[in-house]
Amino acid sequence: MDNIKLKYNSGNVISKNVHKIGVIALGSHRENHGTALPIDTDSKIAANIALHVATKTGATFLGIFYGATEYDFVKHGIHLKKDDLINNQIIPQLINAKKLLDISKVVIVNGHGGNNLVIDEIDNISNKTGLKIVFNNSIIEKEGPHACTGELSMGKVLGIVDESKIKDHENFIQNPEVGMVGLKLARENEPIIDQEARYIEKNGFEINEEFGRDLIEYAENNIIKDIKSLL
């Protein structure tokens, strides 16, 4: 096996060196997103975008982390404590990727706002894994209020939204997590969440496929920039 010469220039690659760069999604698998979106919306969006970027560039697709974390005052899913996510999921998985696939650099594609708690720990994770790591937050930057127009529209493009349930989705008593309208503790602790919730209460939301495509394209382009910067 040691004598096999791998053809790193084959296929759709921007550089033969791109294979040393891993792309991995970080979402949330167990988090309520109303009735029109699945419970693992963040993971499905982040994983789809990460895979598409890997396909476009030739970077090594590493799949997705199974866990996610969240701010203590946001109660809409099942999440790990930040340290548990880092020490029991992120670091071991990245060390394994480095060992098995000869990865030296990684772009983490984040699809869940609570995972922003990890940003300040990237240097620590990098030191413990021996990898250069970029935390890409471009999905979160543009999607807007939770389980509303941004995620619904991306969900439409990716085929994960059930439009027949959109009327039920608008029921904030049944779905307090939509726009975080009914999450009192979150609104009290974070002014931005309260501001977004007020907007949704007044203006509602919509499914806009063109907007969804724009959000996905924006994220993909930004992740590709990160990959090129690591080459």
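All values below come from the heavy atoms of this structure, side chains included, with hydrogens, waters and symmetry mates left out.
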Answer yes or no: is there an ion pair linking Arg213 with Glu209, defined by an N-O contact shorter than 4.0 Å? yes
Do side-chain atoms of Thr35 reach the backbone of His169 as a donor and acceptor pair under 3.5 angstrom? yes
Is Asp226 paired with Lys105 through a side-chain N to carboxylate O contact shorter than 4.0 Å? no
Under 4.5 Å between side-chain heavy atoms, counting indirect links through other Ile/Leu/Val/Met/Phe/Trp/Tyr residues: same cluster for Val23 and Val118 or not? no
Worked check of side chain to side chain contact (heavy atoms under 4.5 Å, CB included) between Phe65 and Leu94: CA-CA 10 Å; Phe65 295 111; Leu94 291 181; 3.9 Å; yes
So Ile133 and Asp123, do their side chains get closer than 4.5 Å, heavy atoms only? no
Taking all non-hydrogen atoms of both residues, which atom of Asn115 and which atom of Thr69 are closest, and how far apart? OD1-N, 3.0 Å
Is the backbone of Ile125 close enough, under 3.5 Å, to the side chain of Thr129 for a donor and an acceptor to pair up by distance? yes
Does any non-hydrogen side-chain atom of Ile216 lie less than 4.5 Å from one of Leu158? yes
Scanning both residues in full, the closest heavy-atom pair of Gly63 with Ile24 reads O-CG1, 3.4 Å
Between SG on residue Cys148 and CD1 on residue Ile200, distance to nearest 0.5 Å: 3.5 Å
Dump the intermediate steps for side chain to side chain contact (heavy atoms under 4.5 Å, CB included) on Ile193 and Leu183, then the final yes or no. CA-CA 9 Å; Ile193 290 177; Leu183 300 186; over 6 Å; no
Can you tell me how far CD1 of Ile139 sits from CE of Met154, rounded to the nearest 0.5 angstrom? 6.5 Å
Measuring from atom CZ of Phe73 to atom CE of Met180, what distance do you get when rounded to the nearest 0.5 angstrom? 8.5 Å
Has the side chain of Thr60 got a donor or acceptor atom that lies under 3.5 Å from a matching backbone atom of Gly22? no
Is there a side-chain contact between Tyr8 and Val13, using heavy atoms and a 4.5 Å cut-off? no
Taking a hydrophobic cluster as the set of Ile, Leu, Val, Met, Phe, Trp and Tyr residues connected by side-chain heavy atoms closer than 4.5 Å, whether directly or through intermediates, do Phe61 and Val18 fall within one such cluster? no
Is it the case that the ring center of His79 lies less than 6.0 angstrom away from the ring center of His112? yes
Just by distance, do the side chain of Asn203 and the backbone of Tyr199 share a donor-acceptor pair under 3.5 Å? yes
Quick check on the hydrophobic clustering: are Leu51 and Ile14 connected, directly or via other members, by side-chain heavy-atom contacts under 4.5 Å? no
Glu190-Tyr71 side chain donor-acceptor pair, cut-off 3.5 Å: no
Calculate, to the nearest 0.5 Å, the distance between atoms CD1 and CZ belonging to Ile122 and Phe135 respectively. 6.0 Å
Has Ile173 got more than 12 heavy atoms of other residues, nucleotides or ligands less than 6.0 Å from its CD1? no
Using only heavy-atom distances, determine whether the side chains of Asn137 and Asn116 contain a donor-acceptor pair under 3.5 Å. yes
Could you go through Leu62 and Leu101, starting from their C-alpha distance and side-chain angles, then the distance that decides it, and tell me whether this counts as side chain to side chain contact (heavy atoms under 4.5 Å, CB included)? CA-CA 10 Å; Leu62 300 179; Leu101 299 172; 3.7 Å; yes
What I want to find out is whether Lys98 reaches Asp102 closely enough, with some N-O distance under 4.0 Å, to be called a salt bridge. no
Is any side-chain heavy atom of Val134 closer than 4.5 Å to one of Ile108? no
Testing the basics here: between Gly113 and Ile140, what is the closest heavy-atom pair and its distance to 0.1 Å? N-CD1, 3.6 Å
To the nearest 0.5 Å, tell me how far Ile227 CD1 sits from Thr57 OG1. 4.0 Å
Closest heavy-atom contact between His29 and Tyr66? ND1-O, 3.1 Å
Does Ser43 use its side chain to pair, donor to acceptor, with the backbone of Ser28 at less than 3.5 Å? yes
Ion pair present between Arg187 and Glu201, side-chain N to carboxylate O less than 4.0 angstrom? yes
Gly150 and Phe211: which non-hydrogen atoms are nearest, and at how many Å? CA-CE2, 3.9 Å
Chi angles and distances behind the side chain to side chain contact (heavy atoms under 4.5 Å, CB included) call for Ile64, Leu26: CA-CA 6 Å; Ile64 189 167; Leu26 178 62; over 6 Å; no
Do you know which of Asp120, Asn87, Leu117 makes side-chain contact (heavy atoms from CB on, under 4.5 Å) with Lys82? Leu117
Note, Val107 side chain near Leu230 side chain (heavy atom, < 4.5 Å): yes
Of all heavy-atom pairs between Gly34 and Val178, which one has the smallest distance, and what is that distance? CA-CG2, 3.7 Å
Counting the benzene-type ring for Trp, do His76 and His146 have ring centres under 6.0 Å apart? yes
Ile192, CD1: over 12 other non-hydrogen atoms inside 6.0 angstrom: no
Could you tell me whether the side chain of Val109 reaches within less than 4.5 Å of the side chain of Val53, counting heavy atoms only? no
Verify, without hydrogens or angle tests, whether Gln89 (side chain) and Leu85 (backbone) share a donor-acceptor contact under 3.5 angstrom. no
Would you check if Glu143 and Thr149 make a side-chain contact, meaning some heavy-atom pair closer than 4.5 Å? no
Can you list the steps and then say if Glu163 with Lys156 is a salt bridge (charged side-chain N to carboxylate O under 4.0 Å, His left out)? CA-CA 8 Å; Glu163 294 183 74; Lys156 169 70 173 178; 2.6 Å; yes
Between Glu141 and Tyr218, is the side chain to side chain donor-acceptor pair (under 3.5 Å) condition met? List the steps. CA-CA 10 Å; Glu141 289 173 3; Tyr218 171 82; 2.7 Å; yes
Between the main-chain N or O of Thr55 and the side-chain N or O of Asn12, is there a donor-acceptor pair closer than 3.5 Å? yes
Looking only at atom types and distance, does a side-chain atom of Lys75 sit under 3.5 Å from a main-chain N or O of Asp72, one as donor and one as acceptor? yes
Going by heavy atoms in the side chains, are Ile223 and Ser138 under 4.5 Å from each other? yes
Neighbour count >12 (heavy atoms, 6.0 Å) for atom CD1, Ile78: no
Quick one: pull up CD1 in Ile103 and CD1 in Ile95 and give me the separation to the nearest 0.5 Å. 14.0 Å
Check step by step if side chain to side chain donor-acceptor pair (under 3.5 Å) holds for His33 and Asp42. CA-CA 9 Å; His33 277 77; Asp42 293 350; 3.1 Å; yes
